[in-house]
Every structure is written in structure tokens, then in C-alpha cells.
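Below, all heavy atoms of this structure are taken into account, side chains as well, without hydrogens, waters or symmetry copies. Throughout, a chain's letter reflects where its sequence line sits, starting with A, and its residues are numbered from 1.
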There are 2 protein chains.
Amino acid sequence: MSLATDRGKPQSADKPTLYKQIRIDIERRILTGEWPPGHRIPYEHELMSLYGCSRMTVSKALSELAQADLIERRRKAGSFVRRPTFLSAVLKIADIRAEIGALGRSYGYELLQCSRRTANAADRDRLGARKTGKVIAIACRHSADDVPFAIEDRLIDLDAVPEAATADFATEPPGTWLLHHVPWTEAEHSISAIVADEQAAAALDIAIGAPCLVIDRHTWRSARPLTAVRLLYPGDSHKLVARFKGG
Amino acid sequence: MSLATDRGKPQSADKPTLYKQIRIDIERRILTGEWPPGHRIPYEHELMSLYGCSRMTVSKALSELAQADLIERRRKAGSFVRRPTFLSAVLKIADIRAEIGALGRSYGYELLQCSRRTANAADRDRLGARKTGKVIAIACRHSADDVPFAIEDRLIDLDAVPEAATADFATEPPGTWLLHHVPWTEAEHSISAIVADEQAAAALDIAIGAPCLVIDRHTWRSARPLTAVRLLYPGDSHKLVARFKGG
DNA sequence: CGTATCGATATGTCTATACATAAAATCGTC
DNA sequence: GACGATTTTATGTATAGACATATCGATACG
């Protein structure tokens, strides 16, 4: 799958401003295990005399650490190193057209099917919508250097996104159009693996039974479903890559 | 796969402190499209008279928005709404034992194979290590309610993690042991799909040719490789889920 | 002994001010 | 008009002080 990869706060060699030094210093102590989970970090007034600066400055450093979930701050009690129960990752998933462009390959797009209809029970279920309204159903194929890259099967709620009625999905991929025209507030991705059935194998030009990576994405604006999409990638040639930052 | 799911800053109904109100207010304008990508956000001094507060306060709100990658701040020029080229997700991946426990199922663990050896060329390549040292190679199986859940194939660099020599991997899963004993600074995950070969099918009690989700994880401490692991999950019964926050 | 109250304390927010810094805008010179 | 130096300006960092607020712990009370 590709996927741009990135970490929350890279260790960019930033200018050594005071609060950043303090943050990095504490971060190092946590990451190396010198201050294990549960350890109480020195009080702000201790840190301020330690580093010879004001409380606002150490507080800013601690705030960023708290925001990154490395520490937990409790009034009166102090700040504590958090238990690393999870690895938290920042995954950045690009629009497919941008993604292929970033790989230096030529992007190709084919609209396979596009129809408008009143939502049936299956459509409502897939979108998670309560009411029945108009929807657009789209099937299309993305390719890189004329090799099939992914197939897309999408449903757009026309009541929530009326502008989609006038979009030309024959020339512009629906994902790209949506990204540029429709603001959203939340999305959920579900990643799984399946084997290609006859139809998918034909569309992706792979063997029936070949492994495929599946991404199901649902997008909402203020709890209202906008679109549901399933992307199918040949599993042997694509990977999702994520860099993580640990604690 | 499971995967605990979570977003960077949940919409917790926080107390309406001033800077939070400002942050949420601007966030809303961006998320609803009222201020599209590229739009210049009012200058700090405009915001401070708008909200009737000091510059430090509006600056704190803008700093958080910049940290969340929603806006970009440029000296002299001002602050601008960022173009949403990516969806950024926070994926939280739990230790498998904790993950199964969180599902309310009983955890089972079997060590299939464990050997110590001097790293060969393939081991060095897999770890990304330059020098040849001792390694531990482990194969094990995790199960939930006595049903195979995942199989694990792991390599640990004994020079980087000497304490691993004394760990008892017959009773404690290596992932759990490492999480609690070895601090790390960076990890990279690569997610892909394969079909089960004969060996994997036997270990997971699934059909040969069934789809599997694969997670390859590499972990480092200060650029030094610690461990490389491949986790294989039956693809039809497990999913990676990630909630995203959009821009 | 259990419980309510209260004070001490560390963090959370906010102000007003100061100077540093980067970059856009302007000016001056050739 | 082109190009380099200077000015202007918005952000970035830092300070000292103030008050708010949550909470731990001790004290007093029933």
C-alpha cells in the first residue's frame, strides 16, 4: 500500500531552545528506562531550579510530553511516566493518486461502474445511515505505470454530500474529488486480508486465490456518514508501513 | 488483530477554558470548511482582541493546532490552514496477551521453538544489524479460548538485549517480556497480506491458501536493532482498526 | 472508628511584558 | 529595472506574578 510514513514528533535537530532541551532531556530519560513507568518526575519547581528557568518554561515542556502520552500529570500529586501498554503509531495514508505520483510512477484511472439509486437495506447498513436517501455507487480501478494498483468500491451518501451529484467521476477519482471538496471530521479504517475472487482477480490481473490487502474506510462529518469505501490491493506487492514512536 | 483504537485528542467534554474554546472554535471552522486549506487565520493580535485575551493565550491555542498538523505557522506571514494531503491515524497496537485479555477471552501460549545461535547472513539482514553476534530465534503460538490466534516468529539480538538470555520464554511470551523489560525508541511496522503455506496453515489450524494478515515489526533503541518479529493472523477473523482524525 | 472539613501543595490557566528571529516588504543604490 | 541592505512585522521563546482548581493528608467532629 505504500503509505507515507511518519512519526509524531521526529527527532529533528531543532534549535536548542530551552523548553525543547528540557523536553528532550526528560524524553531521553523515559525512553532509556532511566525513569521507568510510574516514576514521579521532579516537581515543576524542582525542574525550574534545576534548569534555571521559569515555571512556564518547564510547564511547556511537560505539557508537550503529556500531549504525546509519555507522561501523566496530576494536580497536587505531580507528573508520572506512563505505563507503555500500547505502541502508538501515526499512519499517514495518502490519496491513491498522490501516492502513486509520489512513487514517481504514472497514474492511471478507469471508472468501471457508476450508478445512482435510492439506498437499499444493504447500502444503509454499509453506510451506517438510518434514513433511506439517494446514494452513488462507484467501482473504479487505479493503476501505476499501466499495472493495476488497486480497485475501489465506494458508496457516497448524496443527502450528506449533494455536491457529488455534479462531480465527474469519469475523469477524477472519487477519493481525490472528496478529499478536495468535502470536509470531514472522522474516519475509521479497518485493515484485513482476503483472497481474490474471480472478479477481483480479473480486475487486478492477478490469480484467483492470490492474497489481497483490504482497507475499509468509513468517513463521517459530525457523526453523519458521508462515504464508505473498500480498497483492494494485491497483497504481495503492497504494504502498509508505519513508523512508531515508543514509550 | 484487534487493536485498540483511539484518536489523538478525543472530543472529551473538557472544561471550557479560554484557550481550549479558541482552539475548538478555530478547529470547527477548519473542519467544516468555513476556512478552507490555504486560508490565512487571523493574526494573533486580531484574535486577542477578538476573544479579549492576551497573546500568550491565543498562541497556546494555535500551538496545539499546529502540533495536530491542522495549521501551519510561518513567521511574519501568519498561520494557514494546512492542505489535507494525508489522513493521519493513531493506531494503538497492544501486546497480544493484553489484547486477548481485553477481549474477555482466555489467553494461551505455546513455545514452538527456541534456539540460540551466532547470527548468520539471513539473521543480520533481517535485523538490519551490521555485526555478527549472538541471536535468539523464537517461534511461538498465541491462542484465544484455545483457538489459534496468531503465530509469531521472532529474532532477538542478544548483544543489544543481553537480559534476554536469562528470560524464560517457555512461560512468558517474548513480546510481553520485551515490552516490560526493554526500553525502545523506535519501531516500524509493515502490514501486508499473504496466503497460508502448509506450515502456517497447520499452526493456525486453517486451510492452506487461506488469507493471512502479516505484521512485520522492527524495533530499535537509538538506531540499534533490538528485535524483528513477524506475526501472522488468520485474515478472515482479524482486523486492524484505526480511528482517524481529519483535516 | 468513620466521616466531614480544611489547609497545604502542585498543577492549570492567564496576564503583561520583553526580546529574539525569520521573512515579507520597502528602500536605496548602481 | 535589478539587486542588496534595511525596516517592518508576526511569530517564537521566555519571564514573573497572579489566581483557580484538584487532591492529598491531617485534623476535628460525630
Side-chain angles (χ1 to χ4, degrees), chain A residues 8-27 29-30 35 37-83, chain B residues 8-27 29-30 35 37-83:
Chain A
K9 292 276 122 180
Q11 62 287 55
S12 51
D14 271 324
K15 227 135 298 131
T17 64
L18 226 181
Y19 91 88
K20 255 174 207 159
Q21 278 182 36
I22 298 173
R23 184 174 70 71
I24 289 169
D25 202 31
I26 296 175
E27 203 170 76
R29 284 187 160 86
I30 296 174
W35 287 350
H39 180 269
R40 210 209 73 230
I41 286 169
Y43 294 128
E44 294 190 352
H45 73 265
E46 299 179 284
L47 290 172
M48 70 190 263
S49 63
L50 217 167
Y51 290 98
C53 63
S54 74
R55 191 165 77 89
M56 279 295 293
T57 303
V58 305
S59 184
K60 184 165 184 177
L62 292 178
S63 292
E64 287 198 2
L65 290 170
Q67 211 170 335
D69 234 35
L70 269 174
I71 68 170
E72 188 187 347
R73 307 181 78 187
R74 289 207 307 273
R75 280 180 146 114
K76 162 76 182 178
S79 300
F80 300 85
V81 178
R82 275 185 68 87
R83 203 157 299 279
Chain B
K9 291 277 121 180
Q11 61 288 52
S12 51
D14 271 324
K15 227 135 298 133
T17 63
L18 226 183
Y19 90 89
K20 256 175 206 159
Q21 278 182 38
I22 299 172
R23 184 173 71 72
I24 289 169
D25 201 33
I26 296 174
E27 202 169 76
R29 284 186 159 87
I30 294 173
W35 287 350
H39 176 87
R40 208 207 75 231
I41 286 167
Y43 295 127
E44 293 189 353
H45 74 265
E46 298 178 285
L47 290 171
M48 69 188 264
S49 63
L50 216 167
Y51 291 98
C53 64
S54 76
R55 190 166 78 89
M56 280 295 294
T57 302
V58 305
S59 183
K60 183 164 185 175
L62 293 179
S63 292
E64 286 199 2
L65 290 170
Q67 210 170 337
D69 233 35
L70 267 174
I71 67 170
E72 186 188 348
R73 308 182 79 187
R74 290 208 308 274
R75 280 182 145 115
K76 162 74 183 179
S79 300
F80 300 84
V81 179
R82 276 186 67 87
R83 201 159 298 280

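In this entry the distance linking NZ of Lys60(B) with C1' of dG12(D) reads 16 Å, nearest Å. Rounded to whole Å, the distance from CZ on Arg40(B) to C1' on dT9(D) is 12 Å. With rounding to whole Å, Arg73(A) atom CZ is found 13 Å from dA10(C) atom P. Atom-to-atom, CG of Leu47(B) to P of dA10(D) comes out at 12 Å; the value is rounded to the nearest Å. Going from atom OH of Tyr19(B) over to atom P of dA20(D) covers 19 Å, rounded to whole Å. Atom CD1 of Ile22(B) and atom P of dT13(C) are 12 Å apart (whole Å). The CG atom of Leu65(A) sits 13 Å away from the P atom of dT11(C) (whole-angstrom rounding). In this entry the distance linking CZ of Phe80(B) with C1' of dA24(C) reads 11 Å, nearest Å.
Contact annotation: Thr57(A) side-chain N/O to dT15(D) OP1/OP2 distance is under 4.0 Å. Distances shorter than 4.0 Å separate some side-chain N or O of Lys20(A) from OP1 or OP2 on dT13(D).
The minimum heavy-atom distance between Ile71(A) and Ser79(A), with the atom names listed, is CD1-CB, 4.2 Å. Annotation for Asp25(A) and Arg29(A): closest pair OD2-NH1, 3.0 Å, computed over non-hydrogen atoms.
Atoms CD and CD1, from Glu64(B) and Ile24(B) in turn, are 9.5 Å apart once rounded to the nearest 0.5 Å. Interatomic distance, Ile22(B) CD1 to Cys53(B) SG, rounded to the nearest 0.5 Å: 4.0 Å.
For Arg75(B) against dT21(C), a side-chain N or O and a base N or O form a donor-acceptor pair under 3.5 Å.
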Nucleotides 3-9 of chain C: which of its N/O atoms have a protein N/O under 3.5 Å away?
residue, atom, partner, partner atom, Å
dT9(C), O4', Lys76(A), NZ, 3.3

Which atoms of nucleotides 16-18 of chain D (N or O only) lie under 3.5 Å from a protein N or O atom, and what are those distances?
residue, atom, partner, partner atom, Å
dA18(D), N6, Arg55(A), NH2, 3.4

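For Glu44(A), the listed nucleotide lying nearest its side chain is dG12(C); candidates were dG12(C), dT11(D), dC14(C).
Partners of Glu46(A) according to the side-chain contact (heavy atoms from CB on, under 4.5 Å) rule, which considers only residues two or more places apart in sequence or in another chain, are Arg40(A), Pro42(A), Tyr43(A). For Glu72(A), the side-chain contact (heavy atoms from CB on, under 4.5 Å) partners at least two apart in sequence or on another chain are Arg74(A), Arg82(A). Remark: Ser54(A) engages Thr57(A) in a side-chain hydrogen bond (donor to acceptor under 3.5 Å, both in side chains) (not counting sequence neighbours). Remark: Ser63(A) pairs with Ser59(A), Arg73(A) by the side-chain contact (heavy atoms from CB on, under 4.5 Å) rule, at least two apart or across chains.
Using a 4.0 Å heavy-atom distance criterion, Leu62(B) is classed as making no nucleic acid contact.
Checking Ala77(A) against Leu18(A), the closest nucleotide of DNA chain D that is more toward the 5' end is the one next to Leu18(A).
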